[in-house]
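Proteins get letters first, then strands, A, B, ... in listed order; numbering begins at 1 in each.
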Amino acid sequence: MQMIRTPEDETEARAIQDELRGLVVRDEPGPPPGTGLVTGVDVAYDDERDVVAAAAVVLDAATLAVVEEATAVGTVAFPYVPGLLAFREIPTVLAALEALSSDPGLVVCDGYGRAHPRRFGLAAHLGVLTGLPVIGVAKNPFTFSYEQPGGRRGDSSPLLADDGEEVGRALRTREGVKPVFVSVGHRVDLANACAHTLRLARDYRLPESTRRADALCRRALREATG
DNA sequence: GCGACAG
DNA sequence: ATCTTGTCGC
């Protein structure tokens with residue numbers, strides 16, 4: 001049940017991105033922070049055996065308590081190429097999401113959405129394929145530039161593309177700790193994406209959703225591989 | 001042509 | 001992403 005087309009090469013992959021980019025919805029604020037469900041997704045790889053494991057962890061947005069977990073294991077179908085990450089991750093992530101009985105609510109993934117060379121990163125791609133509201137929270141600035149945000153939790157600064165567009169924000173989630181990089185994927189605006197991220201990063205630098213998904217997909221990979 | 005580059 | 005020990009600190 002892979003709704004993603006696995007391209008034959010990089011040229012085809014970029015063409016798919018250019019085609020799907022027009023389907024991204026950017027004029028919806030998205031679900032209000034702190035209510036409903038939030039689902040973190042992440043993947044881990046065993047490049048030796050071409051195995052990939054994905055995890056989806058559903059949290060109660062208000063308490064950050066785990067509501068449901070699901071995993072999926074698959075075969076790596078595409079190499080890692082900067083700008084084409086979605087083709088490597090999404091097939092297995094979709095399988096994990098489909099294994100959930102809960103409605104995922106807002107989906108939070110590792111990596112970027114709008115902040116992408118062709119403005120169609122992983123979070124945007126996943127959003128278009130599922131129709132769900134999705135945001136991306138990355139651990140480094142990729143190719144984008146930014147000024148260091150203030151040192152306090154909640155401080156942020158624009159993440160800028162070469163053409164000057166604000167494609168995301170560098171958001172300080174912990175005092176004096178390196179910021180995270182937030183960008184919108186689908187059906188969520190940037191201010192709301194940052195608000196969600198800040199609530200999810202209540203106890204650590206990274207959102208609880210991605211921390212939980214990261215731990216789970218590593219465990220799934222270990223159990224699938226050995 | 002070279003370097004850099006989410007995970 | 002992944003390869004990888006100990007170590008400083010709350």
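Of the candidate nucleotides B:dG7, C:dT2, B:dA6, B:dA6 has the atom lying nearest to any side-chain atom of A:Y112. Distances were taken from every side-chain heavy atom of A:D110 (C-beta onward) to each of C:dT2, B:dA6, B:dG7; the shortest belongs to B:dG7. When distances are taken from the side chain of A:P82 to each of B:dG7, B:dC5, C:dT2, the shortest belongs to B:dC5. Between C:dT2, B:dG7, B:dA6, one nucleotide has an atom nearer to the side chain of A:A44 than all others, and that is C:dT2. Listed nucleotides: B:dC5, C:dT2, B:dG7. Nearest to the side chain of A:L221: C:dT2. Distance from the side chain of A:R218 is smallest for C:dT2 among the nucleotides B:dA6, B:dG7, C:dT2.
The separation between A:F181 atom CZ and B:dA6 atom P is 11 Å, rounded to whole Å. Look at CG on A:D42: it is 7 Å from P on C:dA1, rounded to the nearest Å. Between the CG atom of A:L171 and the P atom of B:dA6 there is a distance of 19 Å, given to the nearest Å. In this structure, the CZ atom of A:F87 is 14 Å from the C1' atom of B:dA6, given to the nearest Å. Going from atom CZ of A:F144 over to atom P of B:dA4 covers 18 Å, rounded to whole Å. Here C:dA1 presents its P atom at 10 Å from CG of A:L206, a figure rounded to the nearest Å. The CZ-P distance, from A:R88 to B:dC5, rounds to 18 Å in whole Å. Remark: P of C:dA1 and OH of A:Y45 are 9 Å apart, rounded to the nearest angstrom.
Phosphate proximity of B:dG7 to A:K139: present, with a side-chain N or O under 4.0 Å from OP1 or OP2.
Heavy atoms of A:L159 sit nowhere under 4.0 angstrom from any nucleic acid atom. Across all strands, A:D46 comes closer than 4.0 Å to no nucleic acid atom at all (heavy-atom distances). Across all strands shown, A:Y80 has heavy atoms under 4.0 Å from base atoms, whether or not it also approaches the sugar-phosphate. Here A:G136 lies out of heavy-atom contact (under 4.0 Å) with every strand.
Among the candidates A:L59, A:V137, A:V182, the single residue satisfying the side chain to side chain contact (heavy atoms under 4.5 Å, CB included) test with A:P207 is A:V137.
Between A:F144 and A:F181, the distance separating the two ring centers is not shorter than 6.0 angstrom.
Enclosure of atom CZ in A:R14 by more than 12 non-hydrogen atoms of other residues, nucleotides or ligands within 6.0 angstrom is indicated.
A:F142 and A:Y112 have parallel rings, their planes meeting at less than 30° on a 0 to 90° scale where 60° marks the start of perpendicular.
Between A:D110 and A:R88, none of the side-chain N atoms (NZ, or NE/NH1/NH2) sits under 4.0 Å from a carboxylate O, so this pair counts as no salt bridge.
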